[in-house]
Amino acid sequence: MILEKFNLKDKVAIVTGASKGLGQGIALGLADAGANIVGVDILDMAQTKAEVEALNRNFLDIKADLINIEPIQKIIDETVEKFDKIDILVNNAGIIRRADAIEFSEKDWDDVMNINIKTLFFFSQAVAKRYIEQESPGKIINIASLLSFQGGIRVPSYTASKTAVMGITRLLANEWARYNININAIAPGYMVTDNTAPLRKDKERSKAILDRIPAEKWGEPEDLQGVAVFLASEASNYINGYTIAVDGGWLAR
């Protein structure tokens, strides 16, 4: 049956930024589909762990600061030690800094680029090497953004990093498809997360955003679960290098 292709039973998924928001939502969606979860975050993941375990899945909690690439190999080693393999990587961890481009600082540029694209690339590289060593198919899901397609305002390093996410997703698909590794991305629209809290608190800005969204509402982390399960599963085996927007119709406007 076709639904069996969406089954992630006994798969092992690493999800970065799993403490809350989109990462937590994706982790719970993958767990509900059958996967065991390795959560990676600098923040406490007790709530995510409890909710994953309530679904009768295993959860490995790894605390790490992904603003640099140093923790990556340790995360992979701990995952393999616990579960013997890796099947899915979700590169969700990311940050945003807001300031006018004319005044934007080098630190705000470097911090965002380091975690949003540098760590994403080297984490993908390390996991791809593991997939090849395992001689098994593997899935990598990158979290892009509407600003992978658009310019935005007051977030120059975020826009640059998320544009790069879409580009590197294509490049890695070109190079690694031969190894049965699928690399795709999800571009969330305006979602209810900590990153968008300042926008939602600004009544004028929030109204302008909602007026542009055909669905007339902000998205929720749960709205990414279906596409994440799809891209992590056998059902998407012939999709590679693509970025799927989950945006309530924003880009169609």
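Everything numeric in this text was worked out from a predicted model, so none of it was measured. For the numbers below, each heavy atom of this structure counts, side chains included, while hydrogens, waters and symmetry mates do not.
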Visitor: Check whether S161 reaches the backbone of Y158 with its side chain - one donor and one acceptor, N or O, closer than 3.5 Å.
Guide: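 Looks like yes, one N/O pair under 3.5 Å.
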Visitor: Are side-chain heavy atoms of L66 and I42 found at a separation under 4.5 Å?
Guide: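 Heavy-atom side-chain distance check fails, nothing below 4.5 Å.
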Visitor: E220 and M191: which non-hydrogen atoms are nearest, and at how many Å?
Guide: O-CE, 3.1 Å
Visitor: Same hydrophobic cluster for I37 and V80, using side-chain heavy-atom links shorter than 4.5 Å among ILVMFWY?
Guide: no
Visitor: One pair to check against side-chain contact (heavy atoms from CB on, under 4.5 Å): L43 and K20. What are the steps and the verdict?
Guide: CA-CA 9 Å; L43 302 175; K20 56 186 175 180; 3.8 Å; yes
Visitor: Between the side chain of N116 and the main-chain N/O of I95, is any donor-acceptor distance below 3.5 Å?
Guide: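 Such a contact is found between N116 side chain and I95 backbone.
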Visitor: Should I140 and I244 be counted in the same cluster of Ile, Leu, Val, Met, Phe, Trp and Tyr side chains packed under 4.5 Å apart?
Guide: no
Visitor: Measure across T243 and A144 and return the closest heavy-atom pair with its distance rounded to 0.1 Å.
Guide: CG2-CB, 4.1 Å
Visitor: Verify, without hydrogens or angle tests, whether R200 (side chain) and T193 (backbone) share a donor-acceptor contact under 3.5 angstrom.
Guide: yes
Visitor: Heavy-atom distance under 4.5 Å between the side chains of N195 and L22, does that happen here?
Guide: no
Visitor: State, to 0.1 Å, how close I75 and F123 come at their nearest heavy-atom pair, and which atoms those are.
Guide: CG2-CZ, 3.8 Å
Visitor: Around atom CD1 of I102, are there more than 12 heavy atoms from other residues, nucleotides or ligands closer than 6.0 Å?
Guide: no
Visitor: Testing the 3.5 Å rule here: is there a donor-acceptor pair between the side chains of N142 and K162?
Guide: no
Visitor: Do I143 and P188 have side chains that get closer than 4.5 Å, going by heavy atoms?
Guide: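 Sidechains of P188 and I143: in contact.
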Visitor: Partners of Y190 by ring-ring contact (aromatic ring centres under 6.0 Å, His included), sequence neighbours excluded?
Guide: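 Y190 satisfies ring-ring contact (aromatic ring centres under 6.0 Å, His included) with W218, W250 only.
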Visitor: Ignoring hydrogens and geometry beyond distance, is a side-chain donor-acceptor pair present between S124 and N91 at under 3.5 Å?
Guide: yes
Visitor: Identify whether L251 and V155 are in the same connected component of the hydrophobic contact network (ILVMFWY, side-chain heavy atoms under 4.5 Å).
Guide: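 Not linked; separate clusters.
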Visitor: If the threshold is 4.0 Å, N to carboxylate O, is there a salt bridge linking K74 and E78?
Guide: yes
Visitor: Taking it one step at a time, do D10 and D87 satisfy side-chain contact (heavy atoms from CB on, under 4.5 Å)?
Guide: CA-CA 9 Å; D10 297 327; D87 300 293; over 6 Å; no
Visitor: I'd like to know whether CZ of F149 has more than 12 heavy-atom contacts from other residues, nucleotides or ligands below 6.0 angstrom.
Guide: yes
Visitor: Mark yes when over 12 heavy atoms from residues, nucleotides or ligands other than Q125 sit less than 6.0 Å from its CD; otherwise mark no.
Guide: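 Above 12, so yes.
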Visitor: Hey, is the main chain of R154 close enough, under 3.5 Å, to the side chain of D100 for a donor-acceptor pair?
Guide: no
Visitor: Can L146 be reached from L199 by stepping across I, L, V, M, F, W or Y side chains whose heavy atoms are under 4.5 Å apart?
Guide: yes
Visitor: Mind checking the NZ-CD1 spacing from K5 to I2? Nearest 0.5 Å is all I need.
Guide: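 One finds 6.0 Å between NZ of K5 and CD1 of I2.
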Visitor: For the hydrophobic clusters of this structure (ILVMFWY residues joined by side-chain heavy atoms under 4.5 Å, transitively), does one cluster hold both V227 and F6?
Guide: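 Yes.
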Visitor: From I183 CD1 over to N240 CG, what is the distance, rounded to the nearest 0.5 angstrom?
Guide: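 It comes to 5.0 Å.
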Visitor: Show, in sequence, the C-alpha distance, side-chain angles and deciding distance for D41 and T16, and conclude whether the side-chain contact (heavy atoms from CB on, under 4.5 Å) test is met.
Guide: CA-CA 6 Å; D41 208 309; T16 67; over 6 Å; no
Visitor: Kindly compute the distance separating OG (S157) from CG (N114), expressed to the nearest 0.5 Å.
Guide: 10.5 Å
Visitor: Using a 6.0 Å cut-off, check whether atom NZ of K85 has over 12 heavy atoms from anything other than its own residue.
Guide: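 It does: K85 NZ has more than 12 such atoms within range.
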Visitor: Work out which heavy atom in A13 is nearest to a heavy atom in L30; give both atom names and the distance.
Guide: CB-CD1, 3.9 Å
Visitor: How long is the gap from CD1 on I96 to CG on D108, to the nearest 0.5 Å?
Guide: 11.0 Å
Visitor: Kindly compute the distance separating CD1 (I186) from OG (S148), expressed to the nearest 0.5 Å.
Guide: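 That separation rounds to 12.0 Å.
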Visitor: So, N182 side chain and I239 main chain: donor-acceptor pair closer than 3.5 Å or not?
Guide: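 Indeed, once roles are kept as given, a pair shorter than 3.5 Å links the two residues.
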Visitor: Counting N and O atoms only, with roles assigned by atom type, does the side chain of S206 sit under 3.5 Å from a partner on the main chain of D202, one being a donor and the other an acceptor?
Guide: no
Visitor: Would you name the heavy atoms of Q150 and R212 that are closest together and state the gap between them?
Guide: NE2-NH2, 3.4 Å
Visitor: Quick check for you: to the nearest 0.5 Å, what is the distance between T79 atom OG1 and N36 atom CG?
Guide: 11.0 Å
Visitor: Under 4.5 Å side-chain heavy-atom separation, chaining through any Ile, Leu, Val, Met, Phe, Trp or Tyr, what else clusters with L55? Say none if it is isolated.
Guide: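 Members other than L55 - counting any ILVMFWY side chain reachable under 4.5 Å - there are none.
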Visitor: Check whether any side-chain N or O of Y131 sits under 3.5 Å from a backbone N or O of I88 as a donor-acceptor pair, and report yes or no.
Guide: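 Indeed, once roles are kept as given, a pair shorter than 3.5 Å links the two residues.
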Visitor: Do K139 and S236 pass the side-chain contact (heavy atoms from CB on, under 4.5 Å) test, and can you show the C-alpha distance, the side-chain angles, and the key distance before you say yes or no?
Guide: CA-CA 10 Å; K139 304 283 187 173; S236 63; 3.3 Å; yes
Visitor: Tell me if a side-chain donor or acceptor on N92 pairs with a main-chain N or O of V15 at a distance below 3.5 Å.
Guide: no
Visitor: So which heavy atom on M45 is nearest to which on A18, and how close?
Guide: SD-CB, 4.0 Å
